[in-house]
Amino acid sequence: MIELNRRTFLKGAGASGATCALASLLPGSLAALESKQLKGMGKEIASICEMCSTRCPISARVIEGKNVFISGNKAAKSFGGKVCARGGAGHSLLYDPQRIVKPLKRVGERGEGKWAEISWDEAYQLIADNLTKIKQAHGPEAVAFSSKSGSQEKHLFHLATAFGSPNTFTHASTCPGGYEIAAKAMFGTKVKRDLSNSKYIINFGHNLYEGINMSETRGMMAAQMDKGAKLVVFEPRFSIVADKADEWYAIRPGTDVAVALALCHVLIEENLYDKAFVERYVEGFDAFAAEVKAYTPEWAETISDVPAKDIRRIVREYAAKAPHAVVDFGHRATFTTEEFEMRRALYAANILIGNIERKGGIYLGQKPGDYNKLAGEDVAPVLGKPGVKDMPKPAAKRIDQVEEQYAMMWSAGGIYQTVLDATLSAVPYQLHGWVMSRTNPMQTMTDRARVVEALKKLDFVAVCDVYISETAAYADVILPESTYLERDEEIADKSGKNPAYYVRQRVVETLSDTRPSWQIFKDIGHKLGLSEFYPWENMETLQLLQVNRDTELLRRIKDEGFVSFGKPIMLCEPKMVAEFTKAYANAKPADEDGTYGSLLSFKTPSGKIELTSAKVEAMAPGRGVIKFREVQLKKPNELYFIQGKVAVHTNGATHNVPMLANLMSDNAVWVHPVTAGKLGISNGDPIRLTSSVGTEEGHALVTPGIRPDTVFAYMGFGSKNKELVRATGKGIHCGNLLPHVTAPVCGMTVHTTGVTLAKR
Ligand SMILES: Nc1nc2c(c(=O)[nH]1)N[C@H]1C(S)=C(S)[C@@H](COP(=O)(O)OP(=O)(O)OC[C@H]3O[C@@H](n4cnc5c(=O)[nH]c(N)nc54)[C@H](O)[C@@H]3O)O[C@H]1N2
Ligand SMILES: Nc1nc2c(c(=O)[nH]1)N[C@H]1C(S)=C(S)[C@@H](COP(=O)(O)OP(=O)(O)OC[C@H]3O[C@@H](n4cnc5c(=O)[nH]c(N)nc54)[C@H](O)[C@@H]3O)O[C@H]1N2
Ligand code: SF4
Ligand SMILES: [Mo]
């Protein structure tokens, strides 16, 4: 048994800081070469990035068994054949000597940092013994299972269901839940934005030039740079998107809903909305129009500080570009407790100009089966869905009570933070165990202290990660997953306007003693005596079942990495429909107006877009119609504390990756000069932020690029876990300042709060 402590981790870790640069990764004889000269050497393997959950298609160059360079897969055109800085740093994670490469068992107190390396079999046994003990004493529902969405989630949740627990959670309630649920309420499904073809983009705090999604980021760049699209940004600070915008308005945090409703008010008042579209496709317009009558731009100005005359002018400009214009519905939907109303108001401003299934607007996307039906022939293969029939249905109710309170929350996503309520307050019943993968709630859930308390109280905690994350530091067992560059996963559907598939495949041989999630959770299933739920052998078997044993297709997807089928189609774009019907002889005939407008329908109770929803009204009385409600995000004497992504890091995940830690390891707190002046704070001064739940110490970045009543920090920094040595204690820990709050209807956590600022 060896004890791992900070020194052991550092030992041999010559590659802290920047030293995991290209040269140190290369086989000796190649070390002197520049990256450009590597072209044509070794081989390129197509796969999928996992430096963030955008999962862009990549091409990884491997020379003498080592991955030396990662670029975008050129077959995936909308991604521009590029990766972002984080995607380009994948091998820095892969070859980081501080990665965990052996299962670890806690040998000290929780969080004390004393670990012993154990074998996989011992780790599985430990987990199986503890889970069985909990199941026998309290029922299987007393164990929660959580994972960021993706392949890991599928395998972990399969285990949860086989084990009998209904309590499965993704990151949904900390990120996309708000806009996904709003879309479900209005369109009956998730929707996508066609930024690259947009002529006018209105953006409420979607910082795509730092919160990167390669396809959308490049789409917006193309719209702005190549096609002259106008971009208007509402953001409390001068973010990179604000910097690249034609107009920036420093909106008061949490008041976006007022401006969005005022946009709708002007569209209706000035008759700028698309009446024919509304008539044909929209349910509940009258009730909505009656409600937004009160939401004048002058009213919105008093709430948001956005000038009324600008709101009116922007609406006119936006309507003039309709339907090839869009109000971006954002991504991280955690600004306030009124996310459900805000995101619905943003969708409403799109619906009113009839930009649905139009270029530069919003679209629903084409799945292979539906696409084939439209084309009248099998253009794209339809993948099989390997699964197990007759999975047991867990007997207990979920701890987040999605069935009653939050009926619209994706049942798989759930209200993640209720794990804390169930653990600490037995609401609605007591949890005893938590198994998690690829999630770091200590950084990302809010109220760090409460997460620590919960982890200390549980009988058993198992974490699967690539590092000893802040959360993993409190586990009983840590399972080291192989990085994405070392593992195979299922083929994934990446369809947009036309069907597409891509696949993650191993780029290099697995280093040391790590395993992929699918194997880890399958092995644990066997140890728990649940073998009947695992009729498949390995990932290859699963992939073969997916392609219905069409090995040719599997080979093609693996070789090309990203394979798209057919022509892009948007149902209400006459030109696209004309090209589509020309290409496919048996295609459904177009309507008289040359579109597929008659095929556009929605999976809502009325079959229309529900601007007002009886279903929502029944579920949450008073919320059927989109309404403004005042929220209190801070006390009068406090400053708003807001956060955002930085281009070179991912959430609470990459701060220990050598190349990225070297690029940025600290997050100064943005403070307006007037606010700083009043408090005697100069640029670079040590400062302290105090909220209702925590205190953080850092440094000030004095800048006019933020509202005087607001402070900002990039998230994910300031780890308090000593094993994450390149990140420990550097900067402000955002999650430690945020109280535990759950928004109604959508169940979102809230990442805005009040703080006081002082010089240290
Ligand atoms: N204060 C504050 N909190 C926030 C946000 C904010 O802006 N401010 N943003 C929210 C948003 S938008 C999101 S999406 C969430 C994200 O929060 P999480 O869902 O917790 O996800 P990440 O922080 O991206 O990564 C979690 C863990 O995955 C590990 N990991 C990386 N690769 C792998 C792998 O291949 N296998 C395994 N098993 N583990 C891996 C990382 O080491 C890390 O510990 O945070 C939310 N929380
Ligand atoms: N480089 C990088 N790219 C990423 C990620 C990453 O961690 N790093 N994470 C990925 C993930 S998980 C996600 S969800 C997306 C997130 O993408 P975004 O949603 O764009 O991400 P954020 O930076 O969290 O938030 C956007 C902006 O909202 C502003 N803001 C805060 N409060 C308010 C408010 O009340 N109103 C308005 N209008 N603006 C406000 C912040 O200042 C910030 O600039 O990015 C993805 N891409
Ligand atoms: S946005 Fe960057 S880090 Fe995220 S998947 Fe794409 S290339 Fe990788
Ligand atoms: Mo996110």
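As the structure lists them, so they are numbered: ligands from 1, and atoms in each ligand from 1.
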**Request:** Determine, using heavy atoms of Arg487 and all atoms of ligand 1, whether some pair is separated by less than 4.0 Å.
**Result:** yes
**Asked** Short N/O distance, under 3.5 Å, between Ser482 and ligand 1?
**Response** no
**Prompt:** If we ignore angles and hydrogens, is there a donor and acceptor under 3.5 Å between the side chains of Lys645 and Asn207?
**Reply:** no
**Message:** Show the atoms of ligand 1 that are less than 4.0 angstrom away from any heavy atom in His171.
**Reply:** 14 (S), 19 (O)
**Request:** State, without any angle test, whether Arg237 and Ser239 hold a side-chain donor-acceptor pair at a distance under 3.5 Å.
**Result:** no
**Asked** Any chance NZ of Lys74 has more than 12 other-residue heavy atoms, nucleotides or ligands included, within less than 6.0 Å?
**Response** no
**Request:** Tell me which protein heavy atom sits closest to atom 32 (N) of ligand 1, plus the residue, atom name and distance to 0.1 Å.
**Result:** Val466 CG2, 4.0 Å
**Request:** Report yes or no: is the cationic atom of Arg193 (NZ for Lys, CZ for Arg) under 6.0 Å from the centre of the six-membered ring of Phe329, at an angle within 45° of the ring normal?
**Result:** yes
**Request:** Would you indicate whether Lys720, at its atom NZ, is surrounded by more than 12 heavy atoms from other residues, nucleotides or ligands within a distance under 6.0 Å?
**Result:** yes
**Request:** Please say whether the positively charged group of Lys634, taken as NZ for Lys or CZ for Arg, lies over the ring of Tyr640, i.e. under 6.0 angstrom from the six-membered ring centre and within 45 degrees of the axis.
**Result:** yes
**Prompt:** Hey, does Met445 come in under 3.5 Å of ligand 1, counting only N/O atoms on both sides?
**Reply:** no
**Prompt:** In terms of atom number and element, which parts of ligand 1 are under 4.0 angstrom from non-hydrogen atoms of Cys464?
**Reply:** 38 (N)
**Request:** Mark the output for Thr483 as yes if a heavy-atom distance to ligand 1 is under 4.0 Å, and as no if none is.
**Result:** no
**Asked** Ignoring water, what protein N, O or S atoms are under 2.8 Å from atom 8 (Fe) of ligand 3?
**Response** Cys49 SG
**Complete:** Atoms of ligand 1 under 4.0 Å from any heavy atom of Cys175, numbered from 1 in the order shown, are 11 (C), 12 (S), 13 (C), 14 (S)
**Asked** How far apart are the C-alpha atoms of Arg438 and Glu50, what are their side-chain angles, what is the distance that settles it, and do they pass the salt bridge (charged side-chain N to carboxylate O under 4.0 Å, His left out) test?
**Response** CA-CA 11 Å; Arg438 206 193 166 332; Glu50 184 76 39; 2.7 Å; yes
**Prompt:** Quick one: nearest non-hydrogen protein atom to atom 6 (C) of ligand 1, plus distance?
**Reply:** Met715 SD, 3.2 Å
**Message:** Tell me whether the NZ or CZ atom of Arg106 lies within the 45° cone about the ring axis of Trp115 and under 6.0 Å from its centre.
**Reply:** no
**Asked** Nearest protein heavy atom to atom 25 (O) of ligand 1, by residue and atom, and its distance?
**Response** Arg438 NH1, 3.2 Å
**Asked** What residue and atom, counting heavy atoms only, is the protein's closest point to atom 10 (C) of ligand 1, and at what distance?
**Response** Thr174 O, 3.1 Å
**Complete:** Here the atoms of ligand 1 under 4.0 Å from any heavy atom belonging to Ser437 are 38 (N)
**Request:** Taking the side chain as every heavy atom from C-beta outward, state whether Tyr714 and His649 have any atom pair closer than 4.5 Å.
**Result:** no
**Prompt:** Between Glu470 and Asn440, does any side-chain donor sit less than 3.5 Å from a side-chain acceptor?
**Reply:** no
**Message:** With no hydrogens and no angle check, just 3.5 Å: does a side-chain donor-acceptor pair link Gln417 and Thr749?
**Reply:** no
**Salt-bridge contact Arg506-Glu486 (side-chain N to carboxylate O under 4.0 Å)** = no
**Request:** Using a 4.0 Å heavy-atom threshold (strictly under), name the region of His331 that reaches ligand 1: side chain, backbone, both or neither.
**Result:** neither
**Asked** Do Ser147 and Ser437 have side-chain N/O donor and acceptor atoms under 3.5 Å apart?
**Response** no
**Asked** Which protein non-hydrogen atom lies closest to atom 14 (S) of ligand 1, naming both residue and atom, and how far is it?
**Response** Lys148 NZ, 3.2 Å
**Message:** If the contact criterion is a heavy-atom separation under 4.0 Å, does Glu470 count as touching ligand 1?
**Reply:** no
**Asked** Under the 6.0 Å and 45° cation-pi test, does Arg252 pair with Phe234?
**Response** no
**Asked** Which ligand 1 atoms are under 4.0 Å away from a heavy-atom of Gln152?
**Response** 34 (C), 35 (O), 36 (N), 37 (C)
**Request:** Heavy-atom contacts with Cys734 under 4.0 Å: which atoms of ligand 1 show up? List them by number with element.
**Result:** 1 (N)
**Request:** Among all protein heavy atoms, pick out the one at the shortest distance from atom 17 (O) of ligand 1; state its residue, atom name and that distance to 0.1 Å.
**Result:** Thr444 CG2, 3.1 Å
**Asked** For ligand 1, is there an N or O atom under 3.5 Å from any N or O atom of Glu481?
**Response** yes
**Request:** Looking only at protein heavy atoms, identify the closest one to atom 12 (S) of ligand 1 and say how far it is in Å.
**Result:** Lys645 NZ, 3.1 Å
**Message:** Give the atom numbers and elements of ligand 1 that come within less than 4.0 Å of a heavy atom of Leu738.
**Reply:** 1 (N)
**Any side-chain donor near an acceptor of the partner, Ser146 and Tyr416, under 3.5 Å** = yes
**Message:** Quick check: Arg332 and ligand 1, any N/O pair under 3.5 Å apart?
**Reply:** yes
**Request:** Report the C-alpha distance between Arg99 and Glu481 in whole Å, list the side-chain angles of each, state the deciding distance to 0.1 Å, and finish with yes or no for side-chain contact (heavy atoms from CB on, under 4.5 Å).
**Result:** CA-CA 10 Å; Arg99 253 182 73 191; Glu481 175 154 38; over 6 Å; no
**Prompt:** Under 4.0 Å from any heavy atom of Ser469, which atoms of ligand 1 are there?
**Reply:** 44 (O)
**Request:** Verify the distance criterion only: is there a donor paired with an acceptor across the side chains of Asp488 and Gln505 at less than 3.5 Å?
**Result:** no
**Complete:** the protein heavy atom lying closest to atom 41 (C) of ligand 1 turns out to be Asp465 OD1, 3.4 Å
**Prompt:** Hey, is the main chain of Ala75 close enough, under 3.5 Å, to the side chain of Asn73 for a donor-acceptor pair?
**Reply:** yes
